[in-house]
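Reviewing the structure listed below.
Atoms within each ligand, like the ligands themselves, are counted from 1 in listed order.
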Amino acid sequence: MKIYRARVFTPVADPFTTDADGSYVSHDDGFIAVDGSRITSVGPWDGHPDGEIIDLGRQTLLTPGFVDTHLHAPQLEMIGSYGGHLLEWLNRYTFPTEAKFSDPGHARKVARALCDELVRHGTLCALIFSTIHREATSIFFEEAENYGLRAIIGKTMMDRNAPDYLLESAKDSYDDSRALIRQWHGRGLLRYAVTPRFAPTSTPEQLELAGALKREFPDAYVQSHISENLNEVAWVRELFPEAEYADVYDRYGLLSDRTILAHGVHLTEEELELLSRRATRIAHCPNSNLFLGSGLFPLHRVIESGIGVGLGSDIGAGTTPSMFTAMADAYKVQQVQGVSLSPFQLWFLATLGGARVLSLGSETGSLESGKSADFLALDLRATPLLAMRIERAASIEDLLAALIFMGDDRAVRSAWIAGRQVWTAQPLNSTS
Ligand code: GUN
Ligand code: ZN
């Protein structure tokens, strides 16, 4: 048994629906006890069990690993490709970049770089788009497995409205996706997501086959995009005149509690009602929405409709893998709409809320006995300015605020997934 000693903060309930005070557990001097891959107890230091003690000091905060509910692995290398809104950006930068993943060597290089960046930024669980390429998708799975990441990954499905070099037949995309599901879904910490890119790049035939896959493998995930940009919404109306955007996915059996749709900035009341009925979840990607000028996500309208919301970096329209930035940008996007989110709400969205969105809330997302030991050691003195700001934080709430608005990868000192250290910036002290 390993006993990690430091400050401890973890969400344990939803602060959008529970009192702030009941939504978290915090110990100024606390411990997490880990037996193998599991957390066995969490509490104040004076109640710690026997075991090998790893004392990280009071200037370290133990907190759950971050959960990124939406990102595009192949777009890592094109972050910051500026100019143009969604549809121009896709054509100008994204499709040519994704074409390079027909080369397995390129896929391997980017897959390793992505896994490095995720763990270094404290993201220990992620829902990930690959490209249309089967082999590149397998390589993303292989590297996630090598790094010990908890990941849900899917091969993008596209059979129209993209350059020829990124199109496949509906049948080929079904066959390749099916083979990948059989190979990777449920292997260790890995899961598969059926991944039609978005309604405009799939024919009805391809959406039908994506729905067939979901019926064949009911516990597989589905990921796609919805209502990110007004031109995109108008385009979907032209392509599918008989239905609203959310109805398009629903007709093909693609909406369930294992479906995560990115963005949802411009959803109608009817669509919110449908998504809520299907228990479908939304990945809110504030950094990307600002970068592409997509719009301001109506968080409270979505939550009040009963829809689960997580945070996504949306690399490469999002400009960083950092979930600190995702929290800070989520705050600002609500501020300009007259709503002030609390640090507890933001931290929940980036951890337990995201895990729940991915139906992994009983396994990860918080520091609670019985859960997988997926946690971070954050260095509260990572930079002189952060140290100065934390020094005057009079409450755990204010300490979290300092991390949200000033924290970055330099604050992530070490990371563990299922009890195994997957990242460290410096060696840890260990005393028995
Ligand atoms: N909609 C369809 N494809 C994409 C993509 O790659 N990025 C974003 N942000 N939106 C999309
Ligand atoms: Zn996306």
Side-chain angles (χ1 to χ4, degrees), residues 68-101 110 114 126-133 136-137 140 152-163 166-167 173 193-202 206-207 210 221-236 239 245-246 248-249 254 259-267 281-295 297 309-321 326 329 333 354 357:
D68 187 339
T69 61
H70 183 71
L71 72 95
H72 297 258
Q75 297 174 17
L76 183 70
E77 56 170 321
M78 57 167 281
I79 286 175
S81 295
Y82 57 93
H85 292 182
L86 173 64
L87 302 176
E88 300 89 60
W89 175 85
L90 283 173
N91 286 311
R92 198 180 301 160
Y93 302 112
T94 314
F95 293 146
T97 301
E98 293 194 5
K100 293 162 69 181
F101 287 77
V110 175
L114 177 77
L127 174 59
I128 300 175
F129 271 63
S130 173
T131 58
I132 66 156
H133 307 99
T137 307
F140 285 124
I152 308 167
I153 305 175
K155 186 200 97 69
T156 300
M157 304 171 81
M158 289 199 278
D159 69 342
R160 67 166 162 173
N161 292 322
L166 275 187
L167 294 179
S173 78
V194 176
T195 306
R197 181 178 209 116
F198 66 157
T201 45
S202 287
Q206 188 174 56
L207 293 173
Y221 291 82
V222 172
Q223 61 177 341
S224 192
H225 297 88
I226 194 165
S227 269
E228 175 178 5
N229 164 291
L230 290 171
N231 290 335
E232 169 209 6
V233 173
W235 192 21
V236 171
L239 292 168
Y245 205 154
V248 174
Y249 295 133
L254 292 167
T259 302
I260 298 94
L261 300 176
H263 306 302
V265 175
H266 305 287
L267 293 167
R281 288 91 200 263
I282 297 278
H284 170 37
C285 308
N287 183 280
S288 161
N289 294 163
L290 296 169
F291 182 77
L292 290 177
S294 301
F297 182 69
V309 177
L311 287 181
S313 66
D314 194 22
I315 297 165
T319 58
T320 169
D329 287 345
V333 163
V357 158

request  = Would you please test Ser294 and Glu232 for side-chain contact (heavy atoms from CB on, under 4.5 Å) and show each step?
outcome  = CA-CA 10 Å; Ser294 301; Glu232 169 209 6; over 6 Å; no
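- In this structure, atom 6 (O) of ligand 1 lies nearest to the protein heavy atom Arg197 NH2, 2.7 Å.
- With the Zn ion (ligand 2) as the vertex, atom NE2 of His70 and atom NE2 of His225 span an angle of 100° (nearest 10 degrees).
- When each of His284, Gln223, His225 is checked for a side chain to side chain donor-acceptor pair (under 3.5 Å) with His70, only His225 meets the rule.
- The distance from atom CG of Asp329 to atom OG1 of Thr319, rounded to the nearest 0.5 Å, is 7.5 Å.
- Atom numbering of ligand 1 starts at 1 in the shown order; those under 4.0 Å from a heavy atom of Phe198 are 1 (N), 2 (C).
- Scanning all heavy atoms of the two residues, the minimum distance from Tyr93 to Tyr82 falls at OH-O, 2.6 Å.
- At a 3.5 angstrom cut-off on N or O pairs, Asp314 counts as close to ligand 1.
- Put simply, the side chain of Asn287 never gets that close to the backbone of Ser313: no donor and acceptor are under 3.5 Å apart.
- For ligand 1, the atoms sitting less than 4.0 Å from at least one non-hydrogen atom of Leu90 are 3 (N), 4 (C), 5 (C), 6 (O), numbered in the order shown with element in parentheses.
- Checked against the Zn ion (ligand 2), the N, O or S atom of Asp314 at the shortest distance is OD1.
- Inclusion of His72 in the first shell of the Zn ion (ligand 2) is supported: an N, O or S atom falls under 2.8 Å.
- At least one N or O atom of Gln75, backbone or side chain, sits closer than 3.5 Å to an N or O atom of ligand 1.
- Heavy-atom contacts of Leu86 reach the following atoms of ligand 1: 8 (C), 10 (N), 11 (C) (cutoff under 4.0 Å).
- In this structure, CG on Leu90 lies 11.5 Å from OG on Ser81, to the nearest 0.5 angstrom.
- The shortest N/O to N/O separation between Glu228 and ligand 1 falls below 3.5 Å.
- The line from OG1 of Thr94 to CG of Leu87 is 10.5 Å long, rounded to the nearest 0.5 Å.
- The nearest protein atom to atom 7 (N) of ligand 1, hydrogens excluded, is given as Trp89 CZ3, 3.5 Å; this is a heavy-atom distance.
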ask   = Do Glu228 and Leu292 pass the side-chain contact (heavy atoms from CB on, under 4.5 Å) test, and can you show the C-alpha distance, the side-chain angles, and the key distance before you say yes or no?
value = CA-CA 10 Å; Glu228 175 178 5; Leu292 290 177; 3.6 Å; yes
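- For the pair Met157/Val194, a side-chain contact is recorded, criterion being any heavy-atom separation below 4.5 Å from C-beta on.
- The proximity of His263 to ligand 1, defined as any non-hydrogen pair under 4.0 Å, is limited to the side chain.
- Counting atoms of ligand 1 from 1 in the listed order, those under 4.0 Å from a heavy atom of His72 are 5 (C), 6 (O), 7 (N).
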